[in-house]
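Chain letters run A, B, ... following the sequence lines, proteins first, then strands; residues in each count from 1.
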2 protein chains.
Amino acid sequence: MTELEQYIKSYFGIVAIDDLKTIVTLFKTTTIKRGEFLLKSGKYCNKLSFVQSGLLRMFATIDDKEVTQWISTNGYFATDLSSFIFEKPSRWTIQALVDTELYSITKEDYKKIGNFVPKWNELEKLFLVRCFTILEDRVFSHLSMTAEERYNLFFENNKELFNQVPLHYIASMLGMTPETFSRIRKKQLL
Amino acid sequence: MTELEQYIKSYFGIVAIDDLKTIVTLFKTTTIKRGEFLLKSGKYCNKLSFVQSGLLRMFATIDDKEVTQWISTNGYFATDLSSFIFEKPSRWTIQALVDTELYSITKEDYKKIGNFVPKWNELEKLFLVRCFTILEDRVFSHLSMTAEERYNLFFENNKELFNQVPLHYIASMLGMTPETFSRIRKKQLL
DNA sequence: TTTTGCTCTTGACAAAAATCAAGAAATCAT
DNA sequence: ATGATTTCTTGATTTTTGTCAAGAGCAAAA
């Protein structure tokens, strides 16, 4: 199974191998260089991408401060779902933190998948509910956990990321300042 | 247009009137009394409900504390989406805060909608992305706003709720203690 | 009515997290 | 390699929020 086939499977669930191959043919590989933008806030998000290698950061700018909503690494997707589906301006900017290889599908091709894969609607639904659940977990973590607990939880599940991206982006994504992040980190390293 | 038709429209977007009428026939009205449970954590969520009148609270219990994730009022839906779609045990408990009238559809009937309404898949997708976006906003509010700012934003959009439910539930839903909530509230009332 | 329980507020205090400022360490561009 | 940036850490301090405890206000139940 190719990488992309695996990524898709992990988001969309069990997919018949023939369907999987059909879907994959609609994706194109593209590259974006460190610092370049996959999407800019206010623009229309017209493709859905999976990260093959590299790192993307999704953020919004508010009062001159950048708030990092998500960091996409190898195997994750990166898209403003709301903009992509509703075809409205994006609220997020997506920027490459390092040179990044992507598998991307255009909105146009995305719409066609249903013609080739009869079960597509069901798969897409599972995908969306999975995305929903991830956010539900995140909201819950803010209602019920301290900064330190959020740090620990995230660290356990994303150890690799801590050597790969500037830590203040992770701090922002977890809802704390870089200083607080650094102090918690020190405590855990002892 | 009936109430339920309006509710569905507000979540699913533009729906042809005939389709709307077809969908509505699959819902049944039920009543649940104050204190009773629509769903218990660990059980399977086998129906999707809209609140016609009354109030529901969705929460999880963690370390003897109840964390309120959402309060559903008139026109809102109330369901553990993840449990409903994936048919797995629910993480949430949903309880009526007062006697509550519901429009409910069973999972079984829900699955049939597609047979009667060809565009159903598209509508369902829009519904899910809308739910996703609501949570995306909530996560963002925790990354970029203080407790006071979250209070004000929520108050502006949900003034009525403040006379209808015990305020400590709203406090929990906004991620703060009842005491903090009370102090912020006092400040805003002056 | 009285009692009971729940909700909300308030104060005093403690803890958590943000801010400000400085400097060290690492990385990047030339 | 050098200098320029950016990232990360640390300390001092302030602000925000949580905790604990007590009491007031209300509403439901006896």
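Taking only side-chain nitrogens and oxygens, B/Lys186 comes nearer than 4.0 Å to OP1 or OP2 of C/dT10. OP1 and OP2 of C/dA17 both lie 4.0 Å or more from every side-chain N or O belonging to A/Thr180.
Along DNA chain C, the nucleotide nearest A/Met145 and the nucleotide nearest A/Glu179 are compared for position; the residue whose nucleotide lies closer to the 5' end is A/Met145. Ranked by how close their nearest DNA chain D nucleotide is to the 5' end, B/Arg34 and B/Glu148 are led by B/Glu148.
Distance alone, capped at 3.5 Å, is enough to place a donor-acceptor pair between the B/Ser83 side chain and the B/Cys45 backbone. Side chain of B/Ser72 to main chain of B/Phe77: a donor-acceptor pair is present (N/O by atom type, distance under 3.5 Å, no hydrogens or angles). Checked by atom type and distance alone, the side chain of A/Asp99 pairs as donor or acceptor with a backbone atom of A/Arg34 at under 3.5 Å. Using a distance-only test at 3.5 Å, with no hydrogens or angles considered, no donor-acceptor pair links the side chain of B/Thr93 to the main chain of B/Ala60.
Between A/Asp137 and B/Arg91 there is a salt bridge, since a side-chain N of the basic residue sits under 4.0 Å from a carboxylate O of the acidic one. Under the 4.0 Å criterion applied to side-chain N and carboxylate O atoms, B/Lys112 and B/Asp109 are assigned as salt-bridge partners.
Summarising the geometry, the separation between CZ on B/Phe181 and P on C/dT10 is reported as 13 Å, rounded to the nearest angstrom. Atom CG of B/Leu143 is separated from atom P of C/dA17 by 14 Å (rounded to the nearest Å). Remark: C1' of C/dC28 and NZ of A/Lys33 are 16 Å apart, rounded to the nearest angstrom. Going from atom CD of B/Glu66 over to atom C1' of C/dT7 covers 15 Å, rounded to whole Å. Regarding A/Leu174, its CG atom lies at a distance of 12 Å from the P atom of C/dA17, rounded to whole Å.
For the side-chain contact (heavy atoms from CB on, under 4.5 Å) with A/Met173, the lone residue among A/Arg138, A/Met58, A/Arg150, A/Gln69 that qualifies is A/Arg138.
The outermost nucleotides of DNA chain D lying under 4.0 Å from heavy atoms of chain A, listed 5' to 3', are D/dT7 to D/dA12.
Between the OG atom of B/Ser104 and the CG atom of B/Leu26 there is a distance of 12.5 Å, given to the nearest 0.5 Å.
Using a 30° and 60° split on the angle between ring planes, A/Phe127 and A/Phe12 fall in the parallel class, below 30°.
Contacts with DNA chain D (heavy atom under 4.0 Å) in residues 157-171 of chain A: A/Pro166, A/Leu167, A/His168, listed by number.
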